[in-house]
Amino acid sequence: MSVITVETSPIGGQKPGTSGLRKKTRQFMAHHYLENFVASIFAAIGGAAGKTFVVGGDGRYFNERAVQVILRMAAAEGAARVIVGRGGLLSTPAASNLIRRRGTDGGIILSASHNPGGEDEDFGIKFNMPNGGPAPEHVTAKMFEATKTISSYRILEAHDADLSTTGEARMGDMAVEIVDPVADYAALMEELFDFDAIRSLFAGGFTMRFDAMHAVTGPYATEILEGRLGAARGTVANGTPSQDFGGGHPDPNPIWAKPLMDEMMGPDAPDFGAASDGDGDRNMIVGKGIYVGPSDSLALLASRAAAIPQFRDGLVGVARSMPTSTAVDRVARAEGLGLYETPTGWKFFGNLLDDGRVRLCGEESAGTGADHVREKDGLWAVLAWLNVLAATGLSVADLMAEFWDRYGRVYYSRHDYEGVDAEAAGALVGDLRARLPSLPGTEAAGRTVEAADEFAYDDPVDGSRSEGQGLRVVLSGGGRIVLRLSGTGTEGATLRVYLEQAEDRVDLDPAEALAGVVDAAEALAGIRARTGRDGPDVVT
Ligand code: G1P
Ligand code: ZN
């Protein structure tokens with residue numbers, strides 16, 4: 001086995017976005033594309049020599065090939081050991097856990113999260129730090145710089161590693177350790193939650209449906225829910241990971257998880273429903289006849305933290321991304337918890353968690369998680385809910401009713417305009433940005449603008465500043481609008497419009513409660529005219 005040095009040249013556009021580098025699969029499969037980026041990761045972290053990494057992905061098309069390439073490149077760079085999930089599979093939270101538990105130097109996760117998979121769909125790669133969390137901006141910036149100057153990379157000439165069985169082999173001087181992707185993660189969950197209480201719940205006839213959406217969480221959910229907690233066999237649907245997620249869009253929301261929604265709203269609904277995404281870090285929570293939005297789910301878990309053993313020593317503080325609804329703020333204020341508002345993207349929670357300032361975090365985009373790993377964690381959120389359901393004996397609907405009664409209700413929705421002409425989207429945001437200073441005091445569709453600014457974040461732990469993190473407009477009477485462009489799309493631009501309306505009344509139809517804010521957003525930004533669309537492509 002010999003190390004070969006391959007001449008290459010920079011490939012444009014290898015700039016990591018909200019969550020690593022995400023592109024069309026075919027682009028990743030093109031000559032040198034993956035290799036250039038992997039070499040740039042190693043360059044950005046000061047080389048791979050002597051280091052131990054975790055590698056795994058969500059099993060989408062090209063996952064296994066990419067793992068093999070990374071192994072050979074790590075070996076060529078002198079890495080000591082790479083820990084790989086069997087079959088090249090690791091959910092994102094399970095990878096984060098392994099990185100931490102094994103005291104490694106970080107890990108490479110292959111995933112495009114909730115984006116569809118397949119030769120004509122999406123692929124992605126990101127690096128997580130030794131704390132288990134996504135590389136912060138100063139590290140991803142170094143990667144991008146390295147992609148612009150790369151002239152060669154090194155790779156070991158070697159046969160493919162056998163990823164199909166657990167055990168240890170060598171690739172050159174490097175150890176390749178294949179581990180059960182589920183075992184360590186399941187053990188961690190047992191430490192965090194009251195499995196006995198949840199087991200009793202299921203033993204008492206409680207029913208559940210978990211839609212794994214043909215993605216990576218299938219084996220995790222089957223082992224934990226059906227295997228360890230005694231949920232009925234068949235509780236987990238679509239539990240076998242497939243390279244193209246069964247041809248679907250593995251995004252756990254009412255649109256893409258419609259079969260689950262239909263079942264939960266139907267006459268024979270089980271007591272509890274849940275789903276997770278392509279790489280297992282997102283979640284959807286739904287009760288019999290009631291969908292719980294991610295912002296409300298975060299707030300509910302914060303309010304019931306005492307029921308969750310993980311938070312036995314106190315919740316301390318919570319964090320939410322800026323566009324996430326302010327429901328959790330109400331809990332933080334009432335319970336005297338620390339409260340942090342961060343830019344979109346899980347990487348911004350890392351410092352707050354490491355510093356012990358917060359123990360629970362969430363994003364409106366179906367991300368919920370805590371201080372046990374440094375990624376959002378889909379199955380964790382589901383187990384947290386199960387733990388609350390078991391501890392209180394209440395239904396999902398009762399829990400939400402009690403919550404809204406106590407804290408008031410923040411109606412919330414996100415409107416996505418996908419595949420918009422990038423120039424038009426940029427101009428829409430640019431023009432509104434320019435008008436922000438003059439907006440306060442003016443009217444938009446009958447509502448007075450109280451405040452308007454572009455969000456910038458000063459990290460209280462490392463002092464770094466992140467600018468340009470979304471435009472926000474606060475309206476009189478409890479309304480708020482946020483606009484930003486997605487940093488994870490692979491085609492054109494995706495405009496996200498986040499809408500919220502706080503109300504004392506808890507029984508309004510969400511769409512009606514938000515109608516005024518929707519009109520104000522249109523009046524402020526001229527979305528229809530500028531995007532050329534009649535309405536959003538996806539409403540969550
Ligand atoms: C989206 C979500 C964001 C999440 C990210 C990765 O990013 O909005 O909350 O952290 O995916 O899952 P965006 O496309 O908006 O940049
Ligand atoms: Zn994901």
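Quick note: residue numbers are just sequence positions, from 1. Predicted model only: the values in this text are computed from it and were never measured. Counting starts at 1 for both ligands and their atoms, following the listed order. In what follows, every heavy atom counts, from backbone to side chain, and hydrogens, waters and symmetry copies are set aside.
Of the protein's non-hydrogen atoms, the one nearest atom 2 (C) of ligand 1 is S365 OG, 3.5 Å. The protein atom (non-hydrogen) at minimum distance from atom 7 (O) of ligand 1 is T488 CG2, 3.5 Å.
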Derivation and outcome, salt bridge (charged side-chain N to carboxylate O under 4.0 Å, His left out), residues R320 and E363: CA-CA 6 Å; R320 62 164 172 82; E363 293 195 274; over 6 Å; no

Pair Q310-N387, side chain to side chain donor-acceptor pair (under 3.5 Å): steps then yes or no: CA-CA 11 Å; Q310 179 176 0; N387 206 144; over 6 Å; no

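Contacts between R414 and ligand 1, counted as non-hydrogen atom pairs separated by less than 4.0 Å, involve the side chain only. Contacts of S486 with ligand 1, taken as heavy-atom pairs under 4.0 Å, involve both backbone and side chain.
Checked against the 6.0 Å centroid threshold, F28 and F62 do not count as a close aromatic pair.
Ring geometry for F455 versus Y457: interplanar angle of 30 to 60°, hence tilted. Ring orientation note: the planes of Y185 and Y220 are nearly perpendicular, at an angle over 60° on the 30°/60° scale.
For ligand 1 and K376, the ligand atoms under 4.0 Å from any heavy atom of the residue are 4 (C), 6 (C), 10 (O), 12 (O). Applying the 4.0 Å criterion to heavy atoms of G345 picks out, from ligand 1, the atoms 10 (O). Atoms of ligand 1 found under 4.0 Å from any heavy atom of G487 (numbered from 1 in listed order, with element): 13 (P), 14 (O), 16 (O).
Pairing each heavy atom of D58 with each of L89, the nearest pair is C-CD2, 3.9 Å. The two residues R357 and V316 make their nearest non-hydrogen contact at O-CG1, 3.7 Å. Of all heavy-atom pairs between V497 and A521, the closest is CG1-CB, 4.3 Å.
For the pair R282/D251, a side-chain contact is recorded, criterion being any heavy-atom separation below 4.5 Å from C-beta on. By the 4.5 Å heavy-atom criterion applied to side chains, E121 and Y61 are not counted as neighbours. Side-chain contact between F53 and I45 is present, with heavy atoms from C-beta onward closer than 4.5 Å.
The heavy atom nearest to atom 5 (C) of ligand 1, out of those in E375, R22, M322, R282, is found in R282. Nearest residue to atom 4 (C) of ligand 1 from R496, E363, R484 is E363 (criterion: closest heavy atom).
Between S113 and ligand 1, a contact under 3.5 Å exists for no N or O pair. Residue T344 places no N or O, backbone or side chain, under 3.5 Å from any N or O of ligand 1.
Neighbouring protein atoms of the Zn ion (ligand 2) (N, O or S, distance under 2.8 Å, waters ignored): S113 OG, D277 OD2, D279 OD1, D281 OD1.
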